[in-house]
Amino acid sequence: MQAWRVHENGEPGEVMRLDEVERPTPAEGQLLLKVRAANINFPDALLCRGQYQVRPPLPFTPGVEVCGETEDGRRVIANPALPHGGFAEYVVVDAATVLPAPESLDDAEAAALHIGYQTGWFGLHRRARIQAGETLLVHAAAGGVGSAAVQLGKAAGATVIGVAGGPEKARIARELGCDLVIDRRTEDIVAKVKEATGGRGADVVYDPVGGDAYAKSVKCVAFEGRIVVVGFASGAIPSPGLNHALVKNYSIVGLHWGLYNTMDPAAVLACHEELTKLAAEGAIKPLISERVAMKDAADAVQRVADGTTTGRVVVVPEGVAR
């Protein structure tokens, strides 16, 4: 079978190589899946660079979430066990982590429902305890992680302010349902948030970017607000001033969704059931901007790494790409 593999760390477009390899054999407690769609996540780029918190041995196949088909024909979503990731024709997965693919979503949408939406749900509901009527500020609102948070925030009854870079991404953020969109390239984020909230600021900030986005967030977070630290797509990890958090009375909360798989797997299943329900109701639907063929996966991962994509880019079998 074909699988993309990384033989040395570096930029995805340079180090990913399409190899012919043996089809994997599932061990006890594992299932073999035929990959129907593999969603590209920013961590895939970090894995290629050797900058992710997990560093699989070389060579390895990236791709941390898939929609696949079991040998008995069930359509499921799963997180492949590295070093044998999802950018391959077949993967093995731990049976205990497999979840049913929502019937209301196609393969690419189902593949994109898992990590980003689980992260958004846990971040907003478990960590920030968002309430209906509160104001949610989402950075990178047109991206894969941000777009999920926008939809989940609206489903929770929040007023959503989205931050995006450039007119095209701003347009997409509006179409996702943002009540207000701020173009960070031409507008003052802090001033716009304060203007929109009557000077109060955002009750919840969802930040997958770090760097300057975090610096702006602490200047416009509300009294008793919560800043959810999800990731550092900017490449810059902030050094928060805890004296500032004390004086302004806001909380900084971290979210590592993967820990729930080991610390509270029942919560992951409950979250999936809630996401499946929201998808069936039409309240959430992953924004799939591209479905790319297997041969184009390395280029697609590089574009996600460069921040030039919107929504989700998903690797699909040759005849499904468009």
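For reference, positions follow the sequence shown, starting with 1.
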Salt bridge or not between [X] and [Y]? Use side-chain N to carboxylate O under 4.0 Å.
| X | Y | value |
| --- | --- | --- |
| Lys277 | Glu273 | no |
| Arg75 | Asp107 | yes |
| Arg5 | Glu20 | no |
| Asp183 | Lys169 | no |
| Glu69 | Arg36 | yes |

Is [Y] close to [X] at the side-chain level, that is, under 4.5 Å between some pair of heavy atoms?
| X | Y | result |
| --- | --- | --- |
| Pro62 | Val6 | yes |
| Ile130 | Leu136 | yes |
| Gln118 | Ile115 | no |
| Ser217 | His139 | yes |
| Val205 | Arg226 | no |
| Val230 | Asp207 | no |
| Ile252 | Val229 | yes |
| Met16 | Phe87 | yes |

Next item on the list: List the steps, then state whether ring pair (Phe, Tyr, Trp, His ring centres under 6.0 Å) holds for Tyr250 with His244.
Entry: CA-CA 9 Å; Tyr250 61 84; His244 191 262; 5.6 Å; yes
Holding to salt bridge (charged side-chain N to carboxylate O under 4.0 Å, His left out), I want the full list of residues that pass it with [X], two or more places apart in sequence or in another chain.
| X | result |
| --- | --- |
| Asp306 | none |
| Lys219 | none |
| Asp299 | Arg303 |
| Asp188 | none |

Next item on the list: List the steps, then state whether side chain to side chain contact (heavy atoms under 4.5 Å, CB included) holds for Leu275 with Cys271.
Entry: CA-CA 6 Å; Leu275 294 176; Cys271 176; 3.9 Å; yes
Over 12 non-hydrogen atoms of neighbours within 6.0 angstrom of [atom1] in [X]:
| X | atom1 | value |
| --- | --- | --- |
| Gln53 | CD | yes |
| Gln51 | CD | yes |
| Lys154 | NZ | yes |

Same cluster or not: [X] versus [Y], using hydrophobic residues (I, L, V, M, F, W, Y) connected whenever any side-chain heavy atoms lie under 4.5 Å apart?
| X | Y | answer |
| --- | --- | --- |
| Val209 | Val193 | no |
| Leu99 | Val92 | no |
| Ile237 | Val218 | yes |
| Phe60 | Ile40 | yes |
| Leu113 | Val304 | yes |

Next item on the list: Mind jotting down which residue pairs meet the ring pair (Phe, Tyr, Trp, His ring centres under 6.0 Å) criterion with at least one end in residues 171-229? Sequence neighbours excluded, please.
Entry: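 Qualifying pairs, neighbours excluded: none.
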Indicate yes or no for a side-chain donor-acceptor contact from [X] to the backbone of [Y] under 3.5 Å, with no hydrogens or angles considered.
| X | Y | result |
| --- | --- | --- |
| Glu109 | Asp106 | yes |
| Ser251 | Val253 | no |
| Glu318 | Met294 | no |
| Arg129 | Arg126 | yes |

Does any donor atom in the side chain of [X] or [Y] lie under 3.5 Å from an acceptor atom in the other side chain?
| X | Y | answer |
| --- | --- | --- |
| Asp19 | His7 | yes |
| Glu65 | Asn41 | yes |
| Gln151 | Tyr117 | yes |

Check: Apart from Val93 itself, which Ile, Leu, Val, Met, Phe, Trp or Tyr residues share its cluster (side-chain heavy atoms under 4.5 Å, direct or through members)?
Finding: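 Leu31, Leu33, Val35, Val66, Val76, Val91, Val98, all in the cluster of Val93.
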Note to self: Applying ring pair (Phe, Tyr, Trp, His ring centres under 6.0 Å) to His272 and Trp121, what does each step give before you reach the verdict?
What the structure shows: CA-CA 10 Å; His272 180 68; Trp121 194 92; over 10 Å; no
